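Take a look at the structure below.
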Amino acid sequence: MIVAIVAVLSFAPSALAGGKDEVRDGQKYFVRYCASCHGTSGTGDGPVAKSLTKPPTNLRLLADKYGSPLPAARLAELIDGRDAVRAHGTADMPVWGERLYALGEGQHGELGVSETIGKIVAYLDTIQDRRRAMR
């Protein structure tokens with residue numbers, strides 16, 4: 001678990017600083033893993049959203065809550081979810097660290113999962129509604 005945290009923390013900031021490839025890959029992963037709940041545009045209107053008890057977050061407004069640029073390491077931890085304390089009930093979102101590992105993103109170990117999550121975070125940074133975040 002510590003290796004996963006170190007990998008996420010070390011990769012995620014570089015993904016945000018990375019280029020078009022990280023963002024393009026992040027968009028591909030976002031559509032594959034996140035859009036069913038958050039919608040293809042990230043506004044929380046995916047096809048599964050109506051069946052959830054709590055509506056998915058509008059990911060275009062993350063900068064309102066976290067600032068700009070987005071804190072890559074913090075968001076990577078939230079997406080990964082394996083280190084969250086779950087003693088007080090279920091999480092609102094799946095534990096993507098476990099799911100990504102099981103789905104094959106972990107074929108290169110924890111680094112593969114961390115890279116995938118880092119690319120998703122890099123993509124999320126590009127879809128922020130900056131006009132709202134500046135208010």
Side-chain angles (χ1 to χ4, degrees):
M1 199 58 68
I2 292 173
V3 172
I5 294 169
V6 170
V8 167
L9 294 177
S10 64
F11 180 77
S14 65
L16 281 179
K20 296 178 209 172
D21 291 342
E22 285 82 7
V23 173
R24 184 192 66 237
D25 290 349
Q27 182 179 18
K28 176 183 74 171
Y29 291 129
F30 179 85
V31 169
R32 183 181 304 159
Y33 300 124
C34 311
S36 60
C37 294
H38 294 283
T40 55
S41 65
T43 58
D45 62 349
V48 176
K50 291 178 184 175
S51 68
L52 301 173
T53 55
K54 182 178 178 187
T57 299
N58 181 340
L59 299 176
R60 290 182 161 284
L61 303 178
L62 291 174
D64 284 352
K65 181 174 183 177
Y66 296 105
S68 182
L70 296 176
R74 174 72 178 124
L75 291 179
E77 281 179 6
L78 291 171
I79 294 168
D80 185 298
R82 290 181 282 184
D83 288 332
V85 176
R86 305 219 185 267
H88 299 288
T90 60
D92 295 329
M93 192 168 82
V95 179
W96 279 108
E98 291 173 1
R99 293 226 179 143
L100 290 171
Y101 197 92
L103 291 168
E105 298 301 334
Q107 66 185 343
H108 301 292
E110 289 298 326
L111 186 58
V113 172
S114 298
E115 286 179 356
T116 300
I117 292 172
K119 289 176 180 182
I120 292 169
V121 173
Y123 170 68
L124 291 175
D125 194 59
T126 67
I127 65 167
Q128 294 308 294
D129 184 348
R130 305 282 185 207
R131 293 167 294 170
R132 282 194 56 158
M134 297 297 183
R135 285 192 235 165

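Quantities reported herein were computed from a predicted structural model and do not represent experimental measurements. Keep in mind that the numbers below use all heavy atoms, side chains included, and drop hydrogens, waters and symmetry copies.
No donor-acceptor pair under 3.5 Å is formed between the side chain of Glu98 and the backbone N or O of Arg82. Here the side chain of Glu115 pairs no donor or acceptor atom with the backbone of Gly112 at under 3.5 angstrom. The backbone N or O of Thr57 sits less than 3.5 Å from a side-chain atom of His38, completing a donor-acceptor pair. Using modelled atom types, one side-chain atom of Gln128 and one backbone atom of Leu59 make a donor-acceptor pair closer than 3.5 Å.
Here CZ of Arg74 is found 11.5 Å from CG of Leu62. Values are rounded to the nearest 0.5 Å. To the nearest 0.5 Å, atom CD1 of residue Ile127 and atom CG of residue Asn58 are 8.0 Å apart. The line from NZ of Lys54 to CE of Met93 is 11.0 Å long, rounded to the nearest 0.5 Å. With values rounded to the nearest 0.5 angstrom, Gln27 atom CD is found 13.5 Å from Lys119 atom NZ. Atom CG of Asp25 and atom NZ of Lys28 lie 5.0 Å apart (nearest 0.5 Å). The distance from the CD1 atom of Ile120 to the CZ atom of Arg32 is 9.5 Å, given to the nearest 0.5 Å.
Residues Thr116 and Tyr33 come closest through the heavy atom pair CG2-CE1, 4.5 Å. Contact detail for Gly44 and Ala49: the closest heavy-atom pair is O-CB, 3.5 Å. Asp125 and Leu70 make their closest contact through OD1-N, 3.1 Å (heavy atoms, listed as atom of the first residue, atom of the second, distance). Here the shortest heavy-atom pairing between Ser41 and Arg60 reads O-NE, 2.7 Å.
Put simply, Leu52 and Val95 are part of two different groups of oily side chains (I, L, V, M, F, W, Y) that touch within less than 4.5 Å, one to the next.
Contact annotation: the side chain of Tyr29 never approaches that of Leu100 to less than 4.5 Å [non-hydrogen atoms, C-beta and beyond]. Here the side chains of Val113 and Ile117 are in contact, with some heavy-atom distance below 4.5 Å. With a 4.5 Å cut-off on side-chain heavy atoms, Leu78 and Tyr66 count as touching.
Every residue two or more places apart in sequence or in another chain that forms a ring pair (Phe, Tyr, Trp, His ring centres under 6.0 Å) with Phe30 is listed here: Tyr123.
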